[in-house]
Student: 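Input: one structure, supplied below.
Counting convention: from 1, in listed order, for ligands and their atoms alike.
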Amino acid sequence: MNSADITTVKSILSQPQKIAIIPHRNPDGDAMGSCLALYGFLKAKGHTVHVVAPNDYPKFLKWMPGNDTVINFERENPKAKEIIEGASLIFTLDFNDLSRVGQMETSLQEAAADFIMIDHHQQPSDYAKVTYSDVSMSSTCEMVYNFIAFLGETDLIDADMATNLYTGIMTDTGSFKYRSTSSKTHRVVADLIDKGADNMAIHQEVFDTNSPSRLHLLGVALSNMVILPEYKTAYITLTQDELDQYDFKKGDTEGFVNYGLTLEGIIFALIFIENREEGIIKISLRSIGDFSVNEFAREHFNGGGHNNAAGGRSEMSMEDTIAYFNGILKNYKDKLNP
Ligand code: 5GP
Ligand code: MN
């Protein structure tokens, strides 16, 4: 954020505002963590604040401080719409384009409020009065910490806010191991621990709450894995029938895609998950090194994200999606074998 932006934000926040904070659809730890931390900060500064999530999110995020105050746009639609319509200021966090909020997009487009975007995804759209976009950042949570620091108010970060910010940085960095994890990230995290984030308890809340059915589903996913050494690629499929058989709950497949990358020599991993209700195959893509899954997802699967982590979708059947994928993969042989 440049100094003109900081001045603008300071001036807006010097008056009491009615604020809505919005994460992307299917919010993850970084989206919820950044929204809930910013919620705590803006409340502390005396604003009227609501977090409105486009839809539901996994149980392993529902322990987060402030979770009970989150409004679900799908479930509490009239209330959510009223908040968005009545807002004087809307923060959009952890996404780069209004299409990433699904059904909520029209409400946001029609909103009278000024927008502030805080996000680390590539190619941000230009809809906000203030755009704080930095693709080098580990997470939106690290950026919310910086945002508060730009305003000179890190003293206002309490233990709940620190917990939320820690959670998002931890989940978006694969527990501090991805390339985007910088020494600055660690300095922020150190300060969050000093401010009351209990790192061990947070890890347990997020990662050690497996159900037996989820582990069995992981077993199915791993036995379905197809390895294509000539393309340094591994992919997993999960059909709706398989999900049903193992009592699938939102979030159960989180992290499955990463197993492909733990194979020696594999630099491109995907998971294709059937969602019969939405009539789509949801795709998660991951890579190691310079192969850009953001470009791959944008080009072929109507998606996007970061260089090494992206998502997309297909409206074909699983069988046709895989056939299509195998077809396009042929054109990437050189890029995958640099
Ligand atoms: P995941 O595979 O965990 O759902 O998402 C990986 C990354 O890609 C996240 O940063 C997420 O925000 C982004 N992403 C996931 N799905 C989509 C999509 O359909 N479109 C775009 N533009 N980004 C996505
Ligand atoms: Mn993120």
Student: Identify which protein N/O/S atoms are less than 2.8 Å from the Mn ion (ligand 2).
Tutor: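 Atoms qualifying: Asp30 OD2, Asp94 OD1, His120 NE2, Asp172 OD2.
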
Student: Can you tell me how far the NE2 atom of His24 sits from the CG atom of Asp94, to the nearest 0.5 Å?
Tutor: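 So the NE2 of His24 and the CG of Asp94 are separated by 4.0 Å.
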
Student: Identify whether NZ of Lys or CZ of Arg in Lys282 sits under 6.0 Å from the centre of the six-membered ring of Phe272 and within 45° of that ring's axis.
Tutor: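 No, Lys282 and Phe272 do not form such a contact.
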
Student: For atom 16 (N) of ligand 1, tell me which residue out of Arg298, Arg313, Lys282 has the closest non-hydrogen atom.
Tutor: Lys282

Student: Taking distance alone, with N or O pairs closer than 3.5 Å, would you say Gly311 contacts ligand 1?
Tutor: yes

Student: Say you draw a straight line from OG of Ser284 to CD1 of Ile236; how long is it, rounded to the nearest 0.5 Å?
Tutor: 10.5 Å

Student: Closest by any non-hydrogen atom to atom 11 (C) of ligand 1: pick that one out of His24, Arg100, Arg25, Gln123.
Tutor: Arg100

Student: For atom 2 (O) of ligand 1, what's the nearest protein heavy atom and its distance?
Tutor: Ser284 OG, 2.6 Å

Student: Measuring from atom 3 (O) of ligand 1, which candidate in Glu254, His306, His121, Arg286 has the nearest non-hydrogen atom?
Tutor: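 Comparing heavy atoms across Glu254, His306, His121, Arg286, the nearest one to atom 3 (O) of ligand 1 lies in Arg286.
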
Student: Keeping to residues at least two apart or across chains, list the salt bridge (Lys or Arg N to Asp or Glu O under 4.0 Å) pairs with something in residues 25-44.
Tutor: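 Pairs touching residues 25-44 that pass the test: Arg25-Glu74, Arg25-Glu278.
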
Student: Can you list the ligand 1 atoms lying under 4.0 Å from a non-hydrogen atom of Ala309?
Tutor: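 It comes down to these atoms of ligand 1: 7 (C), 8 (O).
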
Student: Is a donor from one side chain sitting under 3.5 angstrom from an acceptor on the other, for Asn294 and Ser292?
Tutor: no

Student: Rounded to the nearest 0.5 Å, what's the gap from NE2 on His121 to OG on Ser133? Could you check?
Tutor: 10.5 Å

Student: Is it the case that the ring center of Phe60 lies less than 6.0 angstrom away from the ring center of Phe207?
Tutor: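 Not close enough - the centres of the two rings lie 6.0 Å or further apart.
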
Student: For a quick check under 3.5 Å, do Asn55 and Asn26 share a side-chain donor-acceptor pair by atom type?
Tutor: yes

Student: Ring centres of Phe115 and Phe91 under 6.0 Å apart?
Tutor: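 No; Phe91 has its ring centre 6.0 Å or more from that of Phe115.
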
Student: Please check whether Gly304 reaches ligand 1 - meaning an N/O of the residue sits under 3.5 Å from an N/O of the ligand, judged on distance alone.
Tutor: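 Yes; at least one N/O pair falls below 3.5 Å.
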
